[in-house]
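In what follows, a structure is listed as structure tokens, so that the remarks can point back to it.
Proteins come first, then strands; the chains are lettered A, B, ... in the order of their sequence lines, and each starts at number 1.
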There are 2 protein chains.
Amino acid sequence: MNVVTSHRPDRSPARRRLLDTATRLFYAEGIHAVGIDRIIAGACVAKATFYSHFPSKDDLVRAYIEEQDWLGRTAIAELGQLPPRERLLAIFDRIGEAAHQPGYRGCPFLNATAEYPDPTNPVRQAIDDHRRWFRELLRGLLAANGHSDPVRTADILIVLWDGLLISGHVDDSTELSVLTRDAVTRMLSIGR
Amino acid sequence: MNVVTSHRPDRSPARRRLLDTATRLFYAEGIHAVGIDRIIAGACVAKATFYSHFPSKDDLVRAYIEEQDWLGRTAIAELGQLPPRERLLAIFDRIGEAAHQPGYRGCPFLNATAEYPDPTNPVRQAIDDHRRWFRELLRGLLAANGHSDPVRTADILIVLWDGLLISGHVDDSTELSVLTRDAVTRMLSIGR
DNA sequence: GTTGATATAGACAGACCTGTCTGATAATGT
DNA sequence: ACATTATCAGACAGGTCTGTCTATATCAAC
């Protein structure tokens with residue numbers, strides 16, 4: 001969910017700059033709206049170098065999505081040791097933090113989904129992988145919290161997650177953190 | 001939310017066919033991914049005729065969004081007389097019906113938002129209008145139902161609405177109707 | 001019959017798209 | 001010293017995009 005591009009080691013500096021520039025532009029303007037020429041110009045990389053690192057634009061898009069997945073998993077892992085309920089709340093608190101950053105434009109995975117209709121496309125597969133991981137994460141935390149129906153409640157929490165990320169983008173987001181706490185605690189209060 | 005294109009009178013048959021074809025293609029494949037040439041071919045309309053009805057492609061996109069708005073309002077109006085709570089549930093039941101239609105690809109408004117980053121764009125303005133109408137509708141129904149906090153609860157219901165439309169598209173949607181009923185009744189059970 | 005509105009097919013311009021290729025330059029390891 | 005690897009700038013091909021334009025055809029009203 002975070003779209004920070006920074007500080008991840010990579011095979012080469014040029015590749016790192018390409019992925020950073022692509023991340024910034026894809027997220028800010030949409031994938032189809034950004035051409036290769038602008039990415040290589042922003043990354044100060046020659047076109048031939050780009051195509052030596054990424055066989056096609058779609059490979060770059062897939063790398064972008066996979067890195068967002070990696071960043072999301074890393075951010076959760078870096079939350080530190082917390083009891084299940086507090087961990088759940090801390091995960092959802094990240095929504096408010098992200099939405100108040102300048103340039104916030106919703107969830108990169110959902111935005112990409114809107115531009116990739118074919119569910120068998122590798123980009124969509126990478127997005128599905130990310131969502132499967134997140135769903136399992138929530139199920140585990142709800143079960144560890146002694147929740148009576150972790151499977152169903154995890155599904156609803158994901159519905160809230162997606163909807164809150166949208167709300168922070170397209171609606172007035174001044175009360176998003178309060179709204180998030182309210183919605184999640186309402187949901188957790190049911191079923192123990 | 002419904003993407004049915006049908007049966008709305010229009011100024012001219014050619015314009016009607018253009019809007020129907022554009023609706024079908026924009027929704028199925030995304031807006032940037034569909035060119036004018038394909039729309040006029042699908043509508044059996046000459047290019048000059050297209051540009052006499054729509055000064056630019058963006059005007060066609062705005063007409064597409066405004067018609068989806070009109071269809072949504074019409075569908076709600078056609079629900080007939082129902083008590084507030086049943087009306088709310090009936091509105092949300094439409095999600096399951098829509099998501100099980102072949103070719104369902106999520107919410108046309110949110111998909112368009114992902115492709116239009118500039119919030120001052122007329123397309124985005126039309127989407128904002130639609131969302132404002134829907135928010136007011138939910139607030140009124142919650143207030144009429146004697147709910148203790150209709151403003152906040154309407155915000156959460158919109159979060160659920162957006163999230164459920166996404167879930168029906170990108171996740172397994174076999175239990176979407178049950179999930180919707182569960183999430184909405186859970187939410188309505190709090191605050192009277 | 002004549003006029004005016006609306007439609008047709010399709011060429012065209014200018015921009016942008018992805019992806020390939022050439023040929024030169026710099027850094028690195030042995 | 002030499003080979004390898006990565007990089008550079010940029011031309012180029014072939015396609016698609018939006019939007020304009022020409023020239024013709026249909027049809028209704030008067």
Exercise for the section: Walk me through it: do Phe26(A) and His32(A) pass the test ring pair (Phe, Tyr, Trp, His ring centres under 6.0 Å)? Expected result: CA-CA 8 Å; Phe26(A) 285 163; His32(A) 290 348; 9.4 Å; no
Handout entry: side chain to side chain contact (heavy atoms under 4.5 Å, CB included) evaluation trace for Glu175(B) with Arg152(A)
Key = CA-CA 10 Å; Glu175(B) 288 207 89; Arg152(A) 165 62 52 80; 3.7 Å; yes
Exercise for the section: Apply side chain to side chain contact (heavy atoms under 4.5 Å, CB included) to the pair Trp161(A) and Thr180(A), showing each step before the final yes or no. Expected result: CA-CA 9 Å; Trp161(A) 175 269; Thr180(A) 300; over 6 Å; no
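For the pairing with Leu137(B), the side chain to side chain contact (heavy atoms under 4.5 Å, CB included) check across Leu142(B), Leu88(B), Ile91(B) returns one residue only, Ile91(B).
Scanning all heavy atoms of the two residues, the minimum distance from Ser173(A) to Gly168(A) falls at CB-O, 3.5 Å.
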Problem - Contact pattern, 5' to 3', of nucleotides 7-20 of chain D - B, S or - by protein heavy atom under 4.0 Å - result: SBBB------SBBB
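Note: CD1 (Ile40(A)) to P (dT20(C)) measures 14 Å, nearest angstrom.
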